[in-house]
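All remarks here apply to the structure that follows.
Per chain, numbering begins at 1; letters A, B, ... match sequence-line order.
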Amino acid sequence: MSGTSSDSRPQGREPVPHGERAKAVGHIVFNLALLGIAVMMFVHAGGLPSSAWEPIGSGSFPRLMLALLALLSVLMIIKEAAKLRHTSALPSGSVGDWVWRHRLAFGVLGLFTLYAIAMPLVGFRWATLPFVLACQVLLGARRPRQLAIAAAIALFMSVGLDALFRHVFTISLPRGALL
Amino acid sequence: MMESILAGADQLFTLPTMLTMLVGVVAGVITAAIPGFTITMAIVLALPLTFTMPALQGVATLLAVYIGGYTGGMISAALLGIPGTPSALATTFDAYPMARRGEPGRALAIGIWASFFGTLISSIVLIIAAPPLAMIAVKLGAWEYFALVVFALTIVASLVGKSMLRGLLAGALGLIIATVGADPLMGVTRFSFDLRMLSAGIPFLIVLIGIFAVSQLLREVEDAEEVKAGKQLIDSRISFKPWAAMREVLTYPFNLVRSSMVGVFIGAVPGAGGSIANLLAYDQAKRGSKHPEAFGQGASEGVIASESGNSATSGGGLIPMIALGIPGSAVDAVLMAALMVHGIGVGPRLIMDHADTVYGMFMAMFLAGAMMLVVCLLSMRLFLKVTNVPKSIIVPVVLTCCMVGAFALNNRVTDIYLLLGIGVFGYLLAKLDYPLAPLVLGVILGPIAETNLRRALMTNEDWTLFFTRPISLALLTLAALSIVLALRYRLKQRRQGLALD
């Protein structure tokens, strides 16, 4: 998402690269979402009970903060929208390029999501073992020696940590609802 | 008094006590170095092990875990950019950039010495000023607490990074995240939207682990070519020069003493603690520095401020506990429990009835500080080897530790989902260049601010009390000054930038 901006930009303006435009779009979308959430929570906070013992109730402090967040989000949207006016549209395929460049981060995030979902179901040991192993393979452990090290680490982090917590710290890590 | 000191020393300097203290220091350093595992967790796990020990040995061992923990949190902050404990948050700002540019040994060594001197200074203050400081600390009413939090919130101005607007927005987000769950005064559940995982609130530690650890680790694996080539987190040869670092730390005596005093005072204020002290000390160091522009780029002054500030809270926290029987933090409450298990009543008469134990505790602080120094100086080359481990191993291992830490905090499976959600949110914020520290600060300070604002107004509806009570007025004046100075600094920087253009 790097490159130069269009020649059609107004004279006297600094060229704004595509990366900046992409960030501006990202900020606008993000702040619109924040604004929506802030408004929804603000309305919800209005329904919280007040107290006979204090002048401000449960909803007052959050409402104050939510109003501040909404104001800051609006300012952010105005600021970033101004950047959009003097940049050209993103080249086609730039979003795909960005996702491809971040494939490992998204891969790890995907595995971490599966790990979080699996842990309450299959327990700490059986969720951790495949997570640690798969993550290492995804990040480049492919040769037999690397795979052996990866398996040893996965075993230590799953069975070893579980035993340490159970027997030494007397903390039971999740056992798994399905097991 | 001399008799009590000698009696305390006699109990402390025995082989079993010194051995258990040494084990405590090592355990504290290791536990706090693992992201997601906290000092409180280490102390709580160690408490049952001290039941069979004599009173002073038990407390001294827990103090050793405490002091080791404050230094341990710095290790992952410097080497991974992930604060091992909340009290090492500000350490990531400069120790990590220093490590990334090839000086991880220097970052660790400066942190260790700053921690040691911070502990030393706080122990001295503890001995000299415990009773008067405790009297000041407990005289703070809800008005003063609220004013103190407002002052602490102005630190955001120092943490915002390039954009003030983005920094303020992150701070506001933190304050709102803190309002989810039970209302601190009435107990009304807020913003849970009938979701079980939100009804108990979003624990601060989950936010810290998710925002810093998960997002930082995801950013580490963004470059596919680097990761697949087996690249380590930090490119460097292991170089650890502790004596040069000690000299460097001592070239900033004013910063060291000021940061330690901030730590002592914040530690003495019940409910505050290391998580605020490191940020406040960092902020003061930046404002007082001749080179504030170097902060955030790997400035040794930043590491010194944060580490001496957080370590000094260990002595500060003992002040109200010893003088008045009021624990300043969760860790101090566990220390109090350790004394009570042995039938020692904690309160204003503690120093009169059990002077030998109290003086023994004072000496244990010095001894634990010295042990921490020796343990860390001897073991740091080992910790530095972490920098040679490929990212493909570090990332899944640390993510697993984060998961264990998140679960073990409250033994709640729903905290695992919260960690995932906060982690994704943190990554999104980081990709959009929002500074993460103001958000964490907002989560720490939000509940304290709300509780004290409401408590103050519940006691007396008169708003002017915030400005007529002397300590409250002084703190609010400091807050206003702090904002003015921050704005002035930003304007100056902008003008310099324009002049350079």
Let's go through Glu222(B) and Arg101(A) carefully: what are the C-alpha distance in whole Å and the side-chain angles of both, what is the deciding distance for side chain to side chain contact (heavy atoms under 4.5 Å, CB included) to 0.1 Å, and is it a yes or a no? CA-CA 7 Å; Glu222(B) 279 179 352; Arg101(A) 269 192 282 117; over 6 Å; no
Any heavy-atom pair between the side chains of Val424(B) and Thr113(A) that's under 4.5 Å? no
Heavy-atom contact with chain A under 4.5 Å, split by part of Phe191(B): both
Considering all heavy atoms of both residues, which atom of Leu432(B) and which atom of Lys23(A) are nearest to each other, and what is their separation? CD2-O, 4.2 Å
For the candidates Ala127(A), Ala38(A), Pro49(A), which exhibits the highest count of non-hydrogen atom pairs separated by less than 4.5 Å from chain B? Pro49(A)
Phe193(B) side chain near Met41(A) side chain, heavy-atom distance below 4.5 Å: yes
Decide yes or no for Phe112(A) and Leu217(B): does some side-chain heavy atom of the first lie under 4.5 Å from some side-chain heavy atom of the second? no
So which part of Thr128(A) gets closer than 4.5 Å to some heavy atom of chain B, the side chain, the backbone, both or neither? side chain
Within a 6.0 Å radius of atom CZ on Arg142(A), are there more than 12 heavy atoms belonging to other residues, nucleotides or ligands? yes
Go through Glu450(B), Glu461(B), Met458(B) and name the one with the most non-hydrogen pairs under 4.5 angstrom from chain A. Glu450(B)
Sort out for me which of Thr459(B), Leu49(B), Leu419(B), Asp433(B) touches chain A most, counting heavy-atom pairs under 4.5 Å. Asp433(B)
Looking at chain A, which one of Ile416(B), Thr189(B), Leu218(B) has the largest number of heavy-atom pairs inside 4.5 Å, strictly under? Leu218(B)
Between Ala134(A) and chain B, with a heavy-atom cut-off of 4.5 Å, which part of the residue counts as in contact: side chain, backbone, both or neither? neither
Rounded to the nearest 0.5 Å, what separation is found between the NE2 atom of His27(A) and the CG atom of Leu165(B)? 9.5 Å
Less than 4.5 Å to any heavy atom of chain B: does that hold for the side chain of Leu138(A), its backbone, both, or neither? backbone
With side chain to side chain contact (heavy atoms under 4.5 Å, CB included) as the criterion, how do Asp183(B) and Phe61(A) come out once you've worked through the C-alpha distance, each side chain's angles and the decisive distance to 0.1 Å? CA-CA 10 Å; Asp183(B) 157 9; Phe61(A) 185 80; over 6 Å; no
OG1 of Thr400(B) to CE of Met157(A): how many Å apart, nearest 0.5 Å? 4.5 Å
Per-residue contact mode, Ser60(A) against chain B (heavy atom under 4.5 angstrom): neither
Side chains of Ile176(B) and Pro62(A): does their closest heavy-atom pair fall under 4.5 Å? no
Step-by-step side chain to side chain contact (heavy atoms under 4.5 Å, CB included) determination, Leu168(B) to Leu68(A): CA-CA 9 Å; Leu168(B) 290 176; Leu68(A) 175 70; over 6 Å; no
Which region of Leu173(A), side chain (C-beta onward) or backbone (N, CA, C, O), has a non-hydrogen atom less than 4.5 Å from a non-hydrogen atom of chain B, or is it both or neither? both
Heavy-atom count check: over 12 atoms from other residues, nucleotides or ligands less than 6.0 Å from Phe425(B) CZ? yes
Side chain to side chain, Val404(B) and Phe124(A), heavy atoms closer than 4.5 Å: yes
Give, as side chain, backbone, both or neither, the part of Ile171(A) having an atom under 4.5 angstrom from any heavy atom of chain B. side chain
Out of Leu185(B), Asn411(B), Val214(B), Leu420(B), return the one with the most heavy atom pairs under 4.5 angstrom to chain A. Leu420(B)
Min side-chain heavy-atom separation Leu169(B)-Leu75(A) under 4.5 Å: no
If every non-hydrogen atom of Met186(B) is compared with every non-hydrogen atom of Ser58(A), which pair is closest and at what distance? SD-OG, 3.4 Å
Nearest 0.5 Å, what's the CG-CG distance between Leu173(B) and Leu34(A)? 5.5 Å
Within the supplied structure, the quantity of interest is the number of heavy atoms (other residues, nucleotides, ligands) at a distance under 6.0 Å from Asp194(B) CG; does it exceed 12? no
Against chain B, label Met119(A) side chain, backbone, both or neither, depending on which of its atoms sit under 4.5 Å from a heavy atom there. side chain
Leu399(B) vs Phe131(A) side-chain heavy atoms within contact, under 4.5 Å: yes
Contact winner vs chain A - Arg219(B), Arg455(B), Arg190(B), heavy-atom pairs under 4.5 Å: Arg190(B)
Counting C-beta onward and ignoring hydrogens, is there a side-chain heavy-atom pair between Gln136(A) and Ile393(B) closer than 4.5 Å? yes
Need one label for Val413(B): side chain, backbone, both or neither, based on atoms under 4.5 Å from any heavy atom in chain A. side chain
Assert yes or no for the condition that the ring centre distance of His102(A) to Tyr427(B) is strictly below 6.0 Å. no
Quick one: what part of Ile153(A) sits under 4.5 Å from any heavy atom of chain B, side chain, backbone, both or neither? side chain
Might you point out which heavy atoms bring Tyr417(B) and Ala116(A) nearest each other, and give the distance in Å? CE2-O, 3.5 Å
Going through the checks in order, is the side chain to side chain contact (heavy atoms under 4.5 Å, CB included) test met by Ser392(B) and Gln146(A)? CA-CA 10 Å; Ser392(B) 61; Gln146(A) 291 171 324; over 6 Å; no
At a 4.5 Å cut-off on heavy atoms, which part of Leu64(A) comes close to chain B: side chain, backbone, both, or neither? neither
